[in-house]
Amino acid sequence: MLRFIADKDEPAGSWVLREDLLSFGIDCSTATIGRYLKELDYREYTVQKSNQGRVLTPIGQAHLEELEERLERTRMQEKLSKAMKVTEYGELIELLYVRRALETEAARQAAINARAEDIAVLMRSVEDHRDTVEQNRDPTEPALEFHAVVADISHNKFICPILNMLIYEEKK
């Protein structure tokens, strides 16, 4: 409703908003819309202009922008998630190239940013990997965990989640 109100050059009331909602296949009574408008007023997102309808307040405009930004972010995340799904051998190779580039940067930043407690976690990961290899078990999980630890101790908020997504897809 905030978007519909914002798109109007004049105050919008229940009847006008009902038509807007109907154009999107949402059948809603004017009384229900009126209750939603009262809620928007209560939250200070809209203000009533006499009997002409509602307009957005600056708080409402800011809230609408925040909602639209979150929606756009969600759309981009969905596209990224779809793009990350590996269905062919060639895509797995591409994923490994990206992982290699990301892990190189993660290692560089980990070397710069690691704290003493980070090094201790890294050493435990190395020991887990060594124990796995010595026991002739599959080292895939401990190796991937090592890379995740390196990404974590890079203290770069972007590297860790992206690398974890790549590792997840590689496992699949």
Side-chain angles (χ1 to χ4, degrees), residues 1-7 20-21 24-26 36 39-47 55-172:
M1 266 205 225
L2 291 174
R3 169 55 37 222
F4 292 136
I5 294 168
D7 287 345
D20 288 340
L21 289 169
F24 278 86
I26 302 168
Y36 283 122
E39 178 67 22
L40 293 175
D41 290 346
Y42 174 77
R43 294 178 184 223
E44 299 181 352
Y45 296 154
T46 59
V47 65
V55 294
L56 288 187
T57 64
I59 294 171
Q61 184 63 41
H63 183 67
L64 175 60
E65 289 169 7
E66 178 187 332
L67 289 173
E68 288 178 335
E69 187 176 305
R70 285 189 355 216
L71 181 61
E72 186 58 30
R73 230 184 228 115
T74 299
R75 285 182 185 131
M76 286 187 288
Q77 288 168 351
E78 285 178 9
K79 284 181 185 178
L80 178 61
S81 184
K82 285 179 185 177
M84 293 281 248
K85 286 186 176 29
V86 175
T87 59
E88 300 173 12
Y89 178 75
E91 291 173 344
L92 179 60
I93 299 302
E94 289 175 354
L95 181 142
L96 292 171
Y97 285 139
V98 171
R99 249 194 67 203
R100 181 173 58 189
L102 191 60
E103 288 171 352
T104 300
E105 182 59 21
R108 187 184 78 74
Q109 289 190 25
I112 293 168
N113 299 322
R115 300 181 290 252
E117 59 268 20
D118 295 331
I119 301 302
V121 172
L122 184 63
M123 291 309 296
R124 281 194 298 277
S125 178
V126 170
E127 290 168 12
D128 287 346
H129 186 267
R130 182 180 18 200
D131 291 345
T132 301
V133 170
E134 286 175 356
Q135 296 169 9
N136 265 349
R137 292 184 295 153
D138 181 8
T140 304
E141 279 298 320
L144 292 173
E145 178 59 26
F146 169 81
H147 291 287
V149 167
V150 171
D152 188 44
I153 67 175
S154 74
H155 298 287
N156 181 308
K157 79 174 197 171
F158 300 104
I159 287 178
C160 201
I162 293 170
L163 184 59
N164 284 336
M165 286 176 64
L166 293 173
I167 288 172
Y168 175 81
E169 284 305 320
E170 184 178 335
K171 285 179 186 180
K172 290 291 180 188

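Excluded from the calculations below are hydrogen atoms, water molecules and symmetry mates; all remaining heavy atoms, backbone and side chain alike, are included. Quick caveat: nothing in here was measured; it's all calculated off a predicted structure.
- Listed by first and then second residue, the side chain to side chain donor-acceptor pair (under 3.5 Å) pairs that reach into residues 116-127 are Arg115-Glu117, Asp118-His155, sequence neighbours excluded.
- Using bins of under 30°, 30° to 60° and over 60° for the plane-to-plane angle, the ring pair Phe24/Phe4 lands in the tilted bin.
- The pair Glu78-Arg75 does not meet the salt-bridge criterion, since no charged nitrogen lies less than 4.0 angstrom from a carboxylate oxygen.
- Put simply, the residue from Glu65, His63, Glu69 that forms a side-chain contact (heavy atoms from CB on, under 4.5 Å) with Leu67 is His63.
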Start with the C-alpha gap between Met1 and Leu40, add the side-chain angles, then the distance that decides, and say whether side chain to side chain contact (heavy atoms under 4.5 Å, CB included) holds.
CA-CA 9 Å; Met1 266 205 225; Leu40 293 175; 4.3 Å; yes
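- Formation of a donor-acceptor pair under 3.5 Å by the Asp152 side chain with backbone atoms of Ala148 is not found in this model.
- From Leu64, atom CG reaches atom CG of Leu71 across 10.5 Å, with rounding to the nearest 0.5 Å.
- Of all heavy-atom pairs between Ala106 and Ala151, the closest is CB-CA, 4.0 Å.
- A distance of 11.5 Å separates CG of Leu166 from CD1 of Ile159, quoted to the nearest 0.5 Å.
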For the pair Arg108 and Glu105, evaluate side chain to side chain contact (heavy atoms under 4.5 Å, CB included) and give the outcome as yes or no after the intermediate values.
CA-CA 5 Å; Arg108 187 184 78 74; Glu105 182 59 21; 2.8 Å; yes
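- The side-chain heavy atoms of Arg99 and Leu144, taken from C-beta on, include a pair separated by under 4.5 Å.
- Within 6.0 Å of CZ in Arg3 there are more than 12 heavy atoms belonging to other residues, nucleotides or ligands.
- When the shell of 6.0 Å around CD of Glu44 is examined, it contains 12 or fewer heavy atoms from other residues, nucleotides or ligands.
- The line from OG1 of Thr87 to CD of Glu169 is 10.0 Å long, rounded to the nearest 0.5 Å.
- Not less than 6.0 angstrom separates the ring centroid of His129 from the ring centroid of Phe146.
- A donor-acceptor pair under 3.5 Å is formed between the side chain of Thr57 and the backbone N or O of Tyr45.
- Atom-to-atom distance recorded for Lys85:NZ and Met165:CE is 8.5 Å, nearest 0.5 angstrom.
- Rounded to the nearest 0.5 angstrom, Gln77 CD and Glu72 CD are separated by 10.5 Å.
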